[in-house]
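Predicted model only: the values in this text are computed from it and were never measured. The figures that follow rest on heavy atoms only: side chains count, while hydrogens, waters and symmetry mates do not. A, B, ... follow the sequence lines: proteins, then strands. Residue 1 opens every chain.
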There are 2 protein chains.
Amino acid sequence: MTYENLDAKLVNALLDNGDASLRSLAEQLDVSVTTVSNHVSALEDEGVIRGYTPKVDYDLLGYDVTAILQLKVEGSALPDITDRLRTEKQMVSVYEVTGDYDVIAIGKFTDTDGMNEQIKRLLTDPEINESNTSVVLNSVCENEQFSLEVDD
Amino acid sequence: MTYENLDAKLVNALLDNGDASLRSLAEQLDVSVTTVSNHVSALEDEGVIRGYTPKVDYDLLGYDVTAILQLKVEGSALPDITDRLRTEKQMVSVYEVTGDYDVIAIGKFTDTDGMNEQIKRLLTDPEINESNTSVVLNSVCENEQFSLEVDD
DNA sequence: TAGATACAATGACGTACGAAAATCTCGACG
DNA sequence: CGTCGAGATTTTCGTACGTCATTGTATCTA
């Protein structure tokens, strides 16, 4: 088994269960605990694994509404706008993009009223020329981290 | 300190560091290890915390290109399309939405060529009436999990 | 020679258990 | 009608125990 395959398998195993103990990983991949420890540490040091996080179910916490905002922005104002969006706590993702719009942002809200209010407030910004909001009806999948390819 | 505040603080502490030990959480929040253990277990059982996952840096792994697809789909074909998108490994998020388009999907690719090919293949589907692709120039933030409000 | 492995020692960790404290329930009484 | 308090329930806490991750050393392999 090559080094890189082991790393990919480790990442995949951790994506499956971020809590997995080094021992269980060692058994699963048929290598020693020490090797697993070394490789996982290396992945963390390299930044491939940038830490661990609980998967929080925001739906259960009352953040029922997800909205996708698309904005056309004055070119020079782009950093201002993205900065402002990022500091909005409930913004999950903010992208600068090519295409019809300049910015696409995804946010989560407790209800449509709160969403409308917050979005309205955002859109008062004179540097936003045009906007388009899509409300999510159904999240087929969200923030899925896909597994890496392994050639055996 | 109320029960709910403790839970919110625990979630926030774990969002800050999903690896935090029960002991460090206990010290940080000034409660006993047992209390932390009970509450974290409860949060996991309730589904508020749906598990733990490593934060994988796909950029570092060569998935440089992120694209946002918007599709108009024959109403009856919507489940087919979303199903198919979900099974595309590199799709990170797939939403059914209101607005100009019916589906918004976010995917990651190793290069623009691969992206174009994969997207072209997807769009041959006759049930997709119209599509629009935005390529991400800059991810201001991505899949940020925001912290919960705590009233002290 | 560099990387992987096995083994042992140590300190940290998660969890189960019983005791103590806090909170809630609800009828009795002023 | 409002207040009180005993019993019951829930929550919290400290301790103890077995498991785990980590580290260092020595051995093996490509």
Side-chain angles (χ1 to χ4, degrees), chain A residues 1-63 143 145 147-152, chain B residues 1-62 145 147-152:
Chain A
M1 180 190 302
T2 73
Y3 172 87
E4 276 151 24
N5 263 340
L6 177 57
D7 283 352
K9 286 182 182 176
L10 277 171
V11 171
N12 290 345
L14 286 170
L15 283 172
D16 188 51
N17 175 20
D19 264 352
S21 69
L22 298 183
R23 282 173 155 72
S24 68
L25 293 172
E27 191 178 3
Q28 189 178 336
L29 301 179
D30 200 32
V31 293
S32 75
V33 175
T34 312
T35 302
V36 173
S37 176
N38 290 339
H39 281 254
V40 172
S41 297
L43 287 167
E44 289 168 356
D45 290 344
E46 294 161 11
V48 174
I49 295 177
R50 295 200 323 278
Y52 300 84
T53 184
K55 293 186 272 189
V56 175
D57 188 328
Y58 285 97
D59 256 37
L60 243 103
L61 294 171
Y63 292 88
N143 303 348
Q145 293 191 106
S147 53
L148 308 181
E149 298 210 1
V150 178
D151 26 281
D152 277 310
Chain B
M1 181 190 302
T2 73
Y3 172 85
E4 277 153 23
N5 264 340
L6 177 58
D7 282 352
K9 286 181 182 178
L10 277 171
V11 170
N12 290 345
L14 286 170
L15 283 173
D16 188 51
N17 175 20
D19 263 353
S21 69
L22 298 182
R23 284 176 161 76
S24 68
L25 293 171
E27 190 177 4
Q28 189 178 334
L29 301 180
D30 200 32
V31 293
S32 74
V33 176
T34 311
T35 301
V36 172
S37 176
N38 290 340
H39 281 253
V40 171
S41 297
L43 287 167
E44 290 169 356
D45 290 344
E46 294 161 10
V48 174
I49 295 177
R50 294 201 322 277
Y52 300 84
T53 184
K55 292 186 275 188
V56 175
D57 188 327
Y58 286 97
D59 258 36
L60 260 165
L61 294 171
Q145 293 191 106
S147 54
L148 308 181
E149 298 210 0
V150 177
D151 25 281
D152 278 308

Asker: Determine: side-chain N/O of S37(A) to OP1/OP2 of dT22(D), distance under 4.0 Å, yes or no.
Answerer: yes
Asker: Please state how far atom CG in L25(A) lies from atom C1' in dA4(C), giving the value in whole angstrom units.
Answerer: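 In whole Å, dA4(C) C1' lies 17 Å from L25(A) CG.
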Asker: From the set dT15(C), dT12(D), dC13(C), return the single nucleotide nearest to any side-chain atom of S21(B).
Answerer: dC13(C)
Asker: Of all heavy-atom pairs between L22(B) and S37(B), which one has the smallest distance, and what is that distance?
Answerer: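 For L22(B) and S37(B), the tightest heavy-atom pair comes out as CD1-CB, 3.8 Å.
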Asker: Between CD of Q145(A) and CG of D57(B), what distance do you get to the nearest 0.5 Å?
Answerer: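 Reported to 0.5 Å precision, the distance equals 10.0 Å.
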Asker: Please confirm whether the backbone N or O of L148(B) pairs with a side-chain atom of N12(B), one donor and one acceptor, at under 3.5 Å?
Answerer: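 Yes.
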Asker: Walk along nucleotides 14-19 of chain D from 5' to 3' and tag each nucleotide B, S or - by protein heavy-atom contact under 4.0 Å, base first, then sugar-phosphate.
Answerer: B-----
Asker: Which pair of non-hydrogen atoms, one from P54(B) and one from G18(A), has the smallest distance, and what is that distance?
Answerer: CD-CA, 4.0 Å
Asker: How many whole angstroms separate atom CG of D19(A) from atom P of dT15(C)?
Answerer: 9 Å
Asker: Please assess V56(A) against V11(B) for the test side-chain contact (heavy atoms from CB on, under 4.5 Å), listing each intermediate value before the final yes or no.
Answerer: CA-CA 8 Å; V56(A) 175; V11(B) 170; 4.0 Å; yes
Asker: Could you state the CG-C1' distance from N17(B) to dC13(C), rounded to the nearest angstrom?
Answerer: 15 Å
Asker: Given atom CG of D30(A) and atom P of dA4(C), what is their separation to the nearest angstrom?
Answerer: 15 Å
Asker: Let me know the distance between CG of L10(B) and C1' of dT11(D), rounded to the nearest Å.
Answerer: 14 Å
Asker: Could you state the CG-C1' distance from N38(B) to dC13(D), rounded to the nearest angstrom?
Answerer: 10 Å
Asker: Does dT12(D) have OP1 or OP2 sitting under 4.0 Å from an N or O in the side chain of H39(B)?
Answerer: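 Checking dT12(D) against H39(B), a side-chain N or O does come within under 4.0 Å of OP1 or OP2.
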Asker: Using modelled atom types only, decide if a donor and an acceptor are shared between the side chain of Q28(B) and the backbone of A13(B) within a distance under 3.5 Å.
Answerer: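 Between the backbone of A13(B) and the side chain of Q28(B) there is no qualifying donor-acceptor contact (under 3.5 Å).
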Asker: Provide, to the nearest angstrom, the distance between the CD atom belonging to E27(A) and the P atom belonging to dA21(D).
Answerer: 12 Å
Asker: Whole-Å distance between dC13(C) P and L22(A) CG?
Answerer: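 One finds 14 Å between P of dC13(C) and CG of L22(A), rounded.
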Asker: Do you know which two heavy atoms are closest between L15(B) and S147(B), and how far apart they sit?
Answerer: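 L15(B) and S147(B) have their closest heavy atoms at CD1-CA, 4.0 Å.
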